[in-house]
Structures are given as C-alpha cells and as structure tokens.
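Single-structure report; data block below.
Along the sequence shown, residues are numbered consecutively beginning with 1. Small disclaimer: the values here were computed from a predicted structure and weren't measured.
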Amino acid sequence: MHAQLGHSAGSAPVQSVLVANRGEIARRVFATCRSLGIDTVAVFSDADANSPHVRDADAAVHLPGNSSSETYLQGELVIAAATAAGADAIHPGYGFLSENAEFARRVQDAGLTWIGPPTKAIELMGSKVESKKMMADAGVPVLTQLDPASITEDELPVLIKASAGGGGRGMRIVRDMGVLESEIEAAQRESLSAFGDSTVFCERYIETGRHIEVQVMADRHGTVWTVGERECSIQRRHQKVVEEAPSPLVERIDGMRERLFEAARLATEAIGYEGAGTVEFLADERGNFFFLEMNTRLQVEHPVTECTTGLDLVALQISVAAGEALPADQPSTRGHSIEVRLYAEDPSQDWRPQSGALHRFEIPGQQFTVLDRTGIRVDSGVASGSVVGVHYDPMLAKVISFAPTRDQAANLLAKSLQKATIHGLLTNRDLLVNILKHPAFLSGDTDTAFFDTHGLDVLAQPITSGRALELSALAAALADAATNRRNARVNKGLPSGWRNLPSRPQRKTYSDITVEYTLGRYGLKTDLDGVSLVENTPTQVTLDDNKIRRTFKVAQYGHDVFVDSALGPVRLTRAPRFVDPTEEVALGSLLAPMPGSVVRVAAAQGDAVAAGQPILWLEAMKMEHTVTAPADGIVAELNVVAGQQVEVGQVLAVVTASAESEGENA
C-alpha cells in the first residue's frame, strides 16, 4: 500500500538523487528511486570503491580518502559531486551530514532539492540541550538536564550524551563521581570524531526504561501524520539491537498510544517540521514517558514502520520535498514487524568490532521491499566478497520480519537468521537468535537493561551445541577427508584413513572439539551412536543419524571451516599441527583487538596496575575501546603512544605479575 499524494502548485518533481551516504541506507534509497524512475548517484571513499552501493547507482563520484572526516562529512565535496553528476536533489540518509543544518542550507543554496526537513527545524533539534527546553514549553514531558559541573553523588547514575548526534556515540553512563570528569572527556572526544562537535550534556539515567519512539511524517501544507510507534529497548552501548512495531508496552497500557501520538504531534508542530522524523521517548512500566530527542531524518529502524503501514517512507520523503501534499487521513497499521541489526562484532568480547573479508553472505528474503504479506526483508550494505574495514560502523545488514502476530514474527526471524549463510567474520547472529527465542522477549519484557538482567554471557552462547555441534564437526572432518582423497596422488577413490584391517582412528582437532573416526570395509565408526556415512565430498556431507538423514554443507577458508545445516550454523577453526615459535607472545601481552588509533595512554612503563585498570584507549569504527590490565602487576612494556596507528594482533603492552601478586598465588 502506498499513500497517494496530491500535487501542489509550483512543485518540482525530482529527476536525479545523489545519496550523501554509503552502505545499506544508500542502497535503500536507490531501490525506491528505481521504482519511481528517478536516476541515482552515489559517492564513495577509497575504502568503499568496491561497495555494493557504488554498483547499485547509475553514476558514482569518488571522494578521495578513507575516513568519514575526509569524505562523507565533506559537504562541499558532496554538493560538487551532485552538480557534476547532474543530480537535482540530495538525500542525506542517516548519520554523517543528515542532521547538519549548514549542509542542508548549502544544498539549497546550490539550487538542489534537499530531501529532508527545513534547516530551521534541524537547528532547533540539533542541540539536545535547547530542544528539550523548547519541548517543555510546548507541553511535551521532558527529563531535567543536569549541569556537569554541579552534579552530586545523590544524582548518580547520570547519562552523558552528545548534543549533536546519536547512535550511541558520545554516550556514557557514570555511577562513580571519581570517573565523571574522565568520562565526559571521553564522550567529548568520541562526539567530536563522529559529528564534528564535542558538546555533551548530562541527565538522570533511568536504569530500566523502555525506549519508545513515534514516526512522524509532515508536509509544508500543515498535515502531520503520527505513523505508529516503535519499541527499541534492547540496546548495547546505547545503540539499538532489536526494534519492533508496534510496541509491546504501548499495546499493554490503555491510552498510552494516544498520549504518545499527541506528544509527538506537539513536538512536530512546535518546530514547523516537514518530511520524515522520529520523536523519541523514554518510558517506564506504568506508561509515563519523557522526551529524549527528535531525529530530523529517516531512522535506521524505519522498515518496521513500513511493513506495518504499507508505506514507502523514502518515496514519501521525496514527494514531500518536491512540495506534494499528504492525504488528510493517515494510514492505519496491521500485523507485527521486528528488525535486528546484524553486526560484524563479538558480543562475548565487549562487543569487539570485526574487520576483514566476508566470503559468503546470503540471507533469504526480499531486499529493500515494503512487505505486504508474511515474510523476510533484508536491507544490506554488503554482499559475498565484501571487505569490512575499520573506518565505518560494522553493521552488515538489517533483517526484518513481518507477520500477523508478534510470536510469528519472532519465530520467522529467528529461523531465517539460523538458515543464513555467513562465512568470514564473527557476527552477533547467535546473540540475535537467542534474544528472539528468550522467554522474556517473547513476553514483551524488554527494557534497556535486558543484557544486564539476562546475562550477556548467556545470550551470546552459540546457538548450535551438543550433538548438533558434534555432527557438524564430524561432517567437517569427513569433508576434509574427501578433499585429501581428491588431492591424493595414489589410492584415489579410497577414503582418507581407509584401512582394510583395524587401525587407530583418524583424529581432527578444531578449536573447541576433537573428532575421531575410522573408515573401513564396514563403513564409518565414531563415538556418535547410530551415525553412518551416506556420502562425503569436499563441500557436502550426508549422514544418517539414527535413521534420520541430514545434509551438511561445508566451506573452508584457510584454517576456518563453516558448516551449515538444518541443525544450525557452526564455525570451526582447525588447530595447526605445528605452532610457529615466532607467532607466540609473552604471557601478559595486551594485543590490539582490531586495527585502530591510540587516542590516549593512561599508564607508563614500570607502573603498578590492578586487574581491569585501563591502560589505553583505541578508536576504531568511530567508537572508543578500552584496553585494560588482565591482572594485578607491573607494566613491563609499553609499545605505543597516543596518535599511533596499530594493526590487529599488535602487542600494545605487557603486564607482568608483581612480586606481591606472585606471593599471593604461591
């Protein structure tokens, strides 16, 4: 279902759109433009030269450099690219320059259509400090802001937030007065790096709130739609992980939706807003809510609203920017939609981002489509063969389900993630599946403390374990045997390890499991009862498991082995037969978990440190990552300085046990 917009006098249809962004959101906007017959232009950095969004566009313009500050944040370069490529409009996507009023003004000064809100509205909402004062005056409930210089112990915990941006960057929770100053400084650095503005502010932190937001769409003729609410309470580092529409909390509390919509409407009208925007609130379990911020752009999680309304929000953005009018009656909602953000990261290691090659990436579903029936939508910025670098956010895709009920949507999404083929980088797939299957999630009990309440260590556990893992590892070993058989110069046709007489079993060791088996005249013998071999090739193994036939697809990339089956995905790492002594590092070595830049060093060689004490901070993918002492001891080596670029695995420092700690452990 698409809303029919009426033309207004003097409206100018858009003919060619440049998207001032990259990855998934650029591809999303291009998809709608194609459906409307609008030409598309991409911009790309050195690092993104082979990105799918470049191939998707009708034309692409190179922005020299790698970092966002050199490329996607350079407004004049982006406008020049639009002019050179013949675009007559710019869509900013989200992040980067999407909420930069000066950029919006320059776009319009260049004679281009700005597919976004008026510059005045961006300015009013651009400062979260001033915007809250305005919302309070408009009758929207707000949380009281705190002056960082006068915060007292009684006001803890507090939340430090970047005034100029979102996405979790420049945000810190502080529960100890002793670290308030250093955390404000860290938030300022992160905000400056991500948004070009170091301004931060503080407010009381509500430990177990619910993050509820309302999608709005407004035109220049005075019509304001409140297009349903979303709940985005499950977050990590203040970045959303799971989003859904409608909100389970709002569904449960009588009258809350009407009050939310009225507050969102007041906020929208107070600033003379036009286009797509989101009014965000923090709510408690009783249905009380407080204004957080208004995002003057399209949100990452907009697909769940599209699926539950049938609207193409990007098409509406383009139409409203061209001066067209919204119908007076806003659309109704139906069904339930859930979105998860699939990241290249390791949740079990403090959400450590991953970089490197993505060998295969296949998630069955419709790409960038507004679903009108039960199904899966995939909005992805990568494809098989993509390389995930260190310069940008490590999100691989948004995977979205739509179904008549919430339970159906959750089950469908979990199954689709399990069946996805993801070879190469570590991802948060297992975490997402475990969330979707968790009883608390299924009951709608999803506040911002979800990971603390239910244990990140539990939620990040592999989804394939027990016998399923053992069968998958056996399949990997048998596929490897088939590879050896194919490559053998003699005895071709015989299985690796095949013996006419009884002999010792073949052994294959992986990082987490060891497989032993024999292949002889009587077939496969293994410790797994009831398992027999039907067929094994280098890429596929079929086993009979107690009369149930199962097929395993096996792919090998160096030491990494990926096994996909109906039992679930398994990643294995083959243990090397021999360890290269030059690859060993000293006990207590602190290795760089990712490529990045050292932004601060807090210790010196010879310092005594305690377990968990910060040694230094790395910046990668626009976030700061703390490197801490693994145990009490002495900093025996410190091999880096602030500003230095480091590679993954590089030894940053070495902490050796002190005489006191050695004595305690004797």
Side-chain angles (χ1 to χ4, degrees), residues 94-95 128 143 157-162 165-175 183 187 190-191 194 203-214 229-245 247-250 278-285 289-293 295 299-304 338-353 393-400 410 413 427-436 438 440-441 444-460 621-625:
Y94 51 73
K128 293 182 175 61
L143 281 172
V158 297
L159 180 64
I160 305 167
K161 298 180 70 173
R169 292 167 178 82
M171 295 181 74
R172 294 288 194 280
I173 300 171
V174 177
R175 296 183 171 87
E183 289 293 80
E190 205 167 78
S191 178
E203 64 187 17
R204 293 291 293 268
Y205 179 64
I206 299 177
E207 295 278 5
T208 57
R210 306 279 287 241
H211 190 115
I212 314 293
E213 58 190 34
V214 179
E229 85 283 347
R230 300 183 287 255
E231 179 154 351
C232 315
S233 298
I234 299 181
Q235 303 177 4
R236 62 100 164 99
R237 289 183 170 176
H238 311 291
Q239 288 184 310
K240 300 161 188 174
V241 176
V242 182
E243 301 112 340
E244 58 182 313
S247 158
L249 177 68
V250 176
T278 299
V279 187
E280 301 195 355
F281 300 94
L282 187 64
D284 63 25
E285 293 295 331
F289 56 84
F290 306 93
F291 174 84
L292 286 176
E293 61 186 356
N295 293 129
Q299 290 279 90
V300 178
E301 57 273 23
H302 76 272
V304 297
I338 304 174
E339 172 183 296
V340 293
R341 302 190 190 188
L342 183 66
Y343 278 90
E345 66 182 10
D346 185 354
S348 67
Q349 296 295 318
D350 194 29
W351 311 100
R352 181 181 297 170
D393 187 276
M395 187 173 75
L396 303 178
K398 303 177 318 197
V399 189
I400 307 103
L413 186 52
T427 74
N428 64 339
R429 182 207 349 223
D430 290 356
L431 173 82
L432 298 175
V433 173
N434 287 330
I435 291 171
L436 292 167
H438 198 280
F441 176 81
D445 184 11
T446 56
D447 59 34
T448 54
F450 191 87
F451 291 130
D452 292 334
T453 301
H454 302 290
L456 180 59
D457 56 339
V458 175
L459 292 166
M621 299 180 181
K622 294 302 172 189
M623 298 288 282
E624 282 193 9
H625 308 272

Taking the side chain as every heavy atom from C-beta outward, state whether [X] and [Y] have any pair of such atoms under 4.5 Å apart.
| X | Y | value |
| --- | --- | --- |
| Phe451 | Ile435 | yes |
| Asp393 | Gln239 | yes |
| Val340 | Glu244 | no |
| Glu339 | Val399 | no |
| Trp351 | Leu431 | yes |
| Val304 | Ile338 | no |

Exercise for review: Could you please spell out the steps behind the side chain to side chain contact (heavy atoms under 4.5 Å, CB included) verdict for Leu342 and Lys398?
Suggested key: CA-CA 6 Å; Leu342 183 66; Lys398 303 177 318 197; over 6 Å; no

In Å and rounded to the nearest 0.5 Å, what is the [atom1] to [atom2] distance from [X] to [Y]?
| X | Y | atom1 | atom2 | value |
| --- | --- | --- | --- | --- |
| Phe441 | Phe450 | CZ | CZ | 7.5 Å |
| Thr278 | Glu293 | OG1 | CD | 9.5 Å |
| Arg341 | Thr427 | CZ | OG1 | 15.5 Å |
| Asp447 | Gln235 | CG | CD | 10.5 Å |
| Arg230 | Glu243 | CZ | CD | 8.0 Å |
| His454 | Asn434 | NE2 | CG | 12.5 Å |

For [X] and [Y], test the side chains for any donor-to-acceptor distance below 3.5 angstrom and give the result as yes or no.
| X | Y | answer |
| --- | --- | --- |
| Ser247 | Arg210 | no |
| His211 | Glu231 | no |
| Glu280 | Gln299 | yes |

Practice item. Show your reasoning for whether side chain to side chain contact (heavy atoms under 4.5 Å, CB included) applies to Leu292 and Glu213. Key: CA-CA 9 Å; Leu292 286 176; Glu213 58 190 34; over 6 Å; no

Under the 3.5 angstrom rule, does the side chain of [X] hit a backbone N or O of [Y] as a donor-acceptor pair?
| X | Y | value |
| --- | --- | --- |
| Lys240 | Ile234 | no |
| Ser191 | Ala187 | no |
| Ser233 | Thr446 | yes |

Of all the heavy-atom pairs spanning [X] and [Y], show the shortest one and how long it is.
| X | Y | result |
| --- | --- | --- |
| Leu249 | Ala283 | CD2-CB, 4.0 Å |
| Pro347 | Leu456 | O-CD2, 3.4 Å |
| Pro353 | Pro394 | CB-CG, 4.1 Å |

Check your understanding: Does NZ or CZ of Arg236 lie under 6.0 Å from the centre of the six-membered ring of Tyr343, at an angle within 45° of the ring axis?
Key ->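 Judged by the rule (NZ or CZ under 6.0 Å from the ring centre, within 45° of its axis), Arg236 counts as positioned above Tyr343.
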
Review point. Would you call Glu190 and Arg172 a salt bridge, using N to O less than 4.0 angstrom?
Key: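 Yes, Glu190 and Arg172 are salt-bridged.
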
Practice item. Before giving the answer on salt bridge (charged side-chain N to carboxylate O under 4.0 Å, His left out), spell out for Arg429 and Glu345 the whole-Å C-alpha distance, their side-chain angles and the decisive distance to 0.1 Å. Key: CA-CA 9 Å; Arg429 182 207 349 223; Glu345 66 182 10; over 6 Å; no

Practice item. Step by step, work out the side chain to side chain contact (heavy atoms under 4.5 Å, CB included) result for Phe291 and Val279. Key: CA-CA 8 Å; Phe291 174 84; Val279 187; 3.8 Å; yes

Exercise for review: Applying salt bridge (charged side-chain N to carboxylate O under 4.0 Å, His left out), run through Asp350 and Arg237 and close with a yes or a no.
Suggested key: CA-CA 10 Å; Asp350 194 29; Arg237 289 183 170 176; 3.1 Å; yes

